[in-house]
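Reviewing the structure listed below.
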Amino acid sequence: MPVELIETLNTALPVQLVASDGLEALGLSPSMTAWAAANGFSGEAGRTLAVPGDNGSLAGALFGVGDGEGALAVGMLARALPEGDWHFAAAPAEPELAAIALVLGGYVFTRYGKKSGKTLRFALPLGVDAGRVRRIADGVFLARDLVNTPTSDMGPDELEKAVRTLAATHKAEVSVIKGDDLLKQNFPMIHAVGRASVGAPRLIDMVWGPEGAPKVTLVGKGVCFDTGGLDIKPSSGMLLMKKDMGGAANVLGLASMIMAAGLKIRLRVLIPAVENSIAGNAFRPGDVLTSRKGITVEIGNTDAEGRLVLADALALADDEEPELLIDMATLTGAARVALGPDLPPFYTGDEALASELAAASVAVEDPLWRMPLWRPYDARLASKIADINNVTTDGFAGSVTAALFLKRFVERTTGWAHFDIFAWNPSDRPYGPAGGEAQGIRALERVISRRYA
């Protein structure tokens, strides 16, 4: 149910936020308290109870926040409340997060005919910047929409169109290096990964902001579908591979937030957009590729293709030595084994940046967890015939070794961080339904906006 935030709603019904066993502390009317007791409502997390009035119409609603559930939990109201106008009876502890949660919780992916449902109107909590809430929600929705779209409608061509649409909205510039021009301009690994697809591989480059401003560069893995290549995935492993461009989707969502806010930076977004397909010209296990940086890479597994396309893009980004370089990718299953689908790991050698990200993650309830760039594991990427292999042979610490692989292509930029995201909700969350998800970008937006306001 889409949620519209309104500055003032004079006839809005109240929503009471109730902690576990906290009804008495709210001082509710005897009739409302009796209704809650009759329905066994005691403030358990996530439960909504509509309360009737004396004439049979609604008098309001109770929503359980349990024992200190986060502010995003109120996103459940977007789907649980009846249609109408509503407001919080008392200000939430985190009013901006509550407003963001309400809007995010009302998201529906409607491209293929699903109905959006009825609109819920909610009074904007006092002191909350409606424009900021809308910017954040628009960025999240963009990421979700892109990930949810199947590859038949979101291949390299369509991903490029999505970038151009976003760029046109904010008067950014876009250039694209495509097909065999990737070889001429020294992006050999992007070309190798994507050359077997009918959709030509490409590097999409979007730039926004004044030239003299501090440089912030975002790199997103844009593998629009991953068969695994000649090291083909089982059918079950391909079911969610439309989301393998989730890194690209997320950096575009973050870019949307940044540009809409008018931050004082020179923003660059680099997306290597490919489809890892199978054909007679597909790259093979055992091949040796020479990267843009000149590092030779032995292919131990064609299903570890994301790090290859990112490596060429990161090498280009590093040439400019931006103040901040962020890459995001649905890179390894190992990250999910270690931390599950909800908690993306990030890697950085910049201690100040790591502290900012950790604090922002907690402040905006956008989970992140720092993992180590453990240098002794770097030796596990050794190759007998090339400078490096794209995988290890033992299968241990797969997310860590993938980050170490990428680190080799970032030499000049100290403010670099790599995010190994899932970009998917396996089940419904209060702040959004099962399906494509933005991860880490609300925390990154907080860090970047505070640095470059």
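Counting heavy-atom neighbours within 6.0 Å of Leu126 CG, excluding the residue itself, gives a total of 12 or less.
The closest side-chain donor-acceptor pair between Asp138 and Ser256, if any, does not fall under 3.5 angstrom. A side-chain donor-acceptor contact under 3.5 Å links Tyr347 and Ser399. Inspection of the Thr414 and Asp350 side chains reveals no N or O donor paired with an N or O acceptor under 3.5 Å. A donor and an acceptor atom, one from each side chain of Thr227 and Asn276, are nowhere located under 3.5 Å apart.
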Would you please test Arg132 and Glu96 for side chain to side chain contact (heavy atoms under 4.5 Å, CB included) and show each step? CA-CA 9 Å; Arg132 175 172 166 76; Glu96 181 180 272; 3.3 Å; yes

For Leu324 and Trp416, what are the C-alpha separation, side-chain angles and deciding distance, and is it a side chain to side chain contact (heavy atoms under 4.5 Å, CB included)? CA-CA 6 Å; Leu324 186 61; Trp416 166 67; over 6 Å; no

Between Cys224 and Leu159, is the side chain to side chain contact (heavy atoms under 4.5 Å, CB included) condition met? List the steps. CA-CA 8 Å; Cys224 296; Leu159 184 54; 4.0 Å; yes

Steps toward salt bridge (charged side-chain N to carboxylate O under 4.0 Å, His left out) verdict (Asp378, Arg375): CA-CA 5 Å; Asp378 201 49; Arg375 291 182 61 185; over 6 Å; no

Stepwise salt bridge (charged side-chain N to carboxylate O under 4.0 Å, His left out) check, Glu445 with Arg450: CA-CA 8 Å; Glu445 186 276 340; Arg450 292 196 164 198; over 6 Å; no

Stepwise salt bridge (charged side-chain N to carboxylate O under 4.0 Å, His left out) test for Arg111 and Asp145: CA-CA 9 Å; Arg111 178 165 180 166; Asp145 283 349; over 6 Å; no

For a side chain to side chain contact (heavy atoms under 4.5 Å, CB included) check, start with the C-alpha distance between Glu298 and Asn390, then their side-chain angles and the critical distance, and finish with the verdict. CA-CA 6 Å; Glu298 181 183 7; Asn390 74 325; over 6 Å; no

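Side-chain N or O atoms of Trp208 include one that pairs as donor or acceptor with a backbone N or O of His170 at under 3.5 Å. Judged purely by atom type and a 3.5 angstrom limit, Arg79 uses its side chain to pair as donor or acceptor with the backbone of Gly105. Using modelled atom types, no side-chain atom of Asp366 and backbone atom of Gln439 make a donor-acceptor pair closer than 3.5 Å. Of the possible polar contacts, none joining the Ser361 side chain to the Leu357 backbone as a donor-acceptor pair under 3.5 Å is found.
For Arg380 and Phe396, the positive end is not near the middle of the six-membered ring at less than 6.0 Å and at most 45° from its axis. Judged by the 6.0 Å distance and 45° axis criteria, Arg336 is not positioned over the aromatic ring of Phe422.
Salt bridge Arg202/Asp157: present, at least one basic N to carboxylate O contact under 4.0 Å.
Using a 4.5 Å heavy-atom threshold, the side chains of Leu331 and His418 count as touching.
The aromatic rings of Tyr377 and Trp374 stand perpendicular to each other, their planes meeting at an angle above 60°, with 30° marking the opposite boundary.
Taking the six-membered ring wherever Trp is involved, the centroid distance between the rings of Phe122 and Phe88 falls below 6.0 Å.
Tested against Leu308, the residues Thr302, Val223, Ile190, Ile299 include a single side chain to side chain contact (heavy atoms under 4.5 Å, CB included) partner, Ile299.
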